[in-house]
Amino acid sequence: MATLDRRGRPLGSLRISVTDRCNLRCQYCMPEPEYVWLPRTDILAFEEICALADVFTGLGVDRVRLTGGEPLLRTDLPNLIRMLAARPAIRDLALTTNGLLLADQAAALRAAGLPRITVSLDTLRPGRFRELTRIDALDAVLAGLTAAAARFDTLKIDTVVIRGMNDDELLDILEHGRTLGAEVRFIEYMDVGGATRWSLADVVSRDDILRAIAARYGTVEPIDEQTSAPADRFRLADGTTFGIISSTTAPFCSTCDRSRLTADGMWYLCLYALAGTNLRDPLRDGASPAVLRRLIESVWTARDDRGAELRAAAADRRPLIPVETLRQSPHLEMHTRGG
Ligand code: SAM
Ligand code: SF4
Ligand code: SF4
């Protein structure tokens with residue numbers, strides 16, 4: 001039985017962040033010189049993550065995505081994947097990574113039972129990669145993508161598009177995806193926590209992206225599908241498909257069934273939510289699955305969040321949260337909350 005929020009949206013998909021640490025410093029996510037990290041003792045053990053996942057699946061969650069920070073930095077991640085993959089209630093298990101450590105780990109992740117993977121890739125130019133992420137590591141990411149393409153049937157590439165940064169590479173990235181058999185999803189730059197340098201002028205809209213692709217490939221046909229997935233998908237004349245996640249200019253909150261669990265067990269109902277629910281403390285205090293279930297159910301049934309829609313309606317749009325506030329409350333960061 002679905003658990004519905006106040007807008008009739010089911011509790012369907014859970015993103016689990018396994019660490020707040022990252023080995024890149026993407027300028028749209030972690031542009032600051034220093035960060036405040038979650039206390040190590042607060043980070044959930046794999047058994048704790050699975051105990052919470054079981055309560056969530058009991059309430060209707062059937063899709064789980066592991067994220068971070070950079071999830072491949074979490075020691076023994078394949079063990080967690082093995083534990084989650086063994087749970088039939090999780091119909092769809094996926095992982096989002098920046099790909100830096102993927103060449104070494106792709107085989108182990110696949111062997112542990114991970115069926116599909118998404119790699120974030122914003123540029124194919126080494127100098128630009130260094131400028132965007134502060135690390136000189138494009139070759140490692142490309143090697144990770146190649147290793148993943150050889151092992152995973154479903155591979156996606158997520159590309160955040162920023163004006164003047166990589167909006168001249170959309171076609172190159174699409175072509176690269178095509179050679180790997182990966183579907184590319186272009187993501188509009190979002191004014192989420194962590195994006196302290198965000199400005200509306202830097203957003204390349206869904207319409208701009210479609211125009212650029214149509215100018216090169218001709219007809220772009222929308223794929224008609226009824227899903228709660230964030231990407232609208234399109235097909236080119238040669239059959240190549242791609243997606244656009246238009247969170248900034250055309251939000252899709254009305255069908256959003258996603259929530260997020262941080263590495264230290266805070267649960268957020270929306271990417272833009274300023275407060276979350278602490279599930280770690282009741283879990284560690286010995287709350288039974290039934291008690292946790294009642295807590296999660298009561299929070300979800302009261303959910304009214306539609307952060308991106310409210311942001312889109314705001315008259316004067318600036319970065320969501322000032323740097324000083326982020327330092328006080330690292331849970332508001334995108335790299336803590338998981339994208
Ligand atoms: N580190 C992993 C990665 O980059 O794939 C997983 C975590 S990261 C927070 C998840 C996704 O969020 C990435 O695809 C990233 O590009 C996206 N993201 C982060 N900040 C963003 C922003 N300001 N606007 C749009 N997407 C963003
Ligand atoms: Fe980049 Fe992902 Fe790290 Fe954020 S968490 S800095 S998006 S690699
Ligand atoms: Fe869902 Fe919040 Fe994103 Fe809207 S802004 S799609 S409610 S996570």
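FYI, the numbering just counts along the sequence from 1. Atoms within each ligand, like the ligands themselves, are counted from 1 in listed order.
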Going by the order shown, which atoms of ligand 2 are within less than 4.0 Å of some heavy atom of Cys29?
4 (Fe), 6 (S), 7 (S)
Need the ligand 2 atom indices (1-based, order shown) with element for anything under 4.0 Å from a heavy-atom of Met30.
6 (S)
Distance filter under 4.0 Å to [X] heavy atoms, resulting ligand 1 atoms:
X	result
Glu188	25 (C)
Glu70	1 (N), 2 (C)
Val192	23 (N)
Thr67	6 (C), 7 (C)
Gly68	7 (C), 9 (C)
Ala195	23 (N)

Counting heavy atoms only, name the option from Gly193, Gly69, Gly338 that's nearest to atom 7 (C) of ligand 1.
Gly69
What do you reckon, does Tyr189 have a nitrogen or oxygen under 3.5 Å from a nitrogen or oxygen of ligand 1?
no
Would you say Thr97 and ligand 1 have an N/O pair spaced under 3.5 Å apart?
yes
Once you restrict to heavy atoms under 4.0 Å, what part of Cys22 touches ligand 2? Side chain, backbone, both or neither.
side chain
Provide, to 0.1 Å, the distance between atom 1 (Fe) of ligand 3 and the closest protein heavy atom, together with that atom's residue and name.
Cys256 SG, 2.3 Å
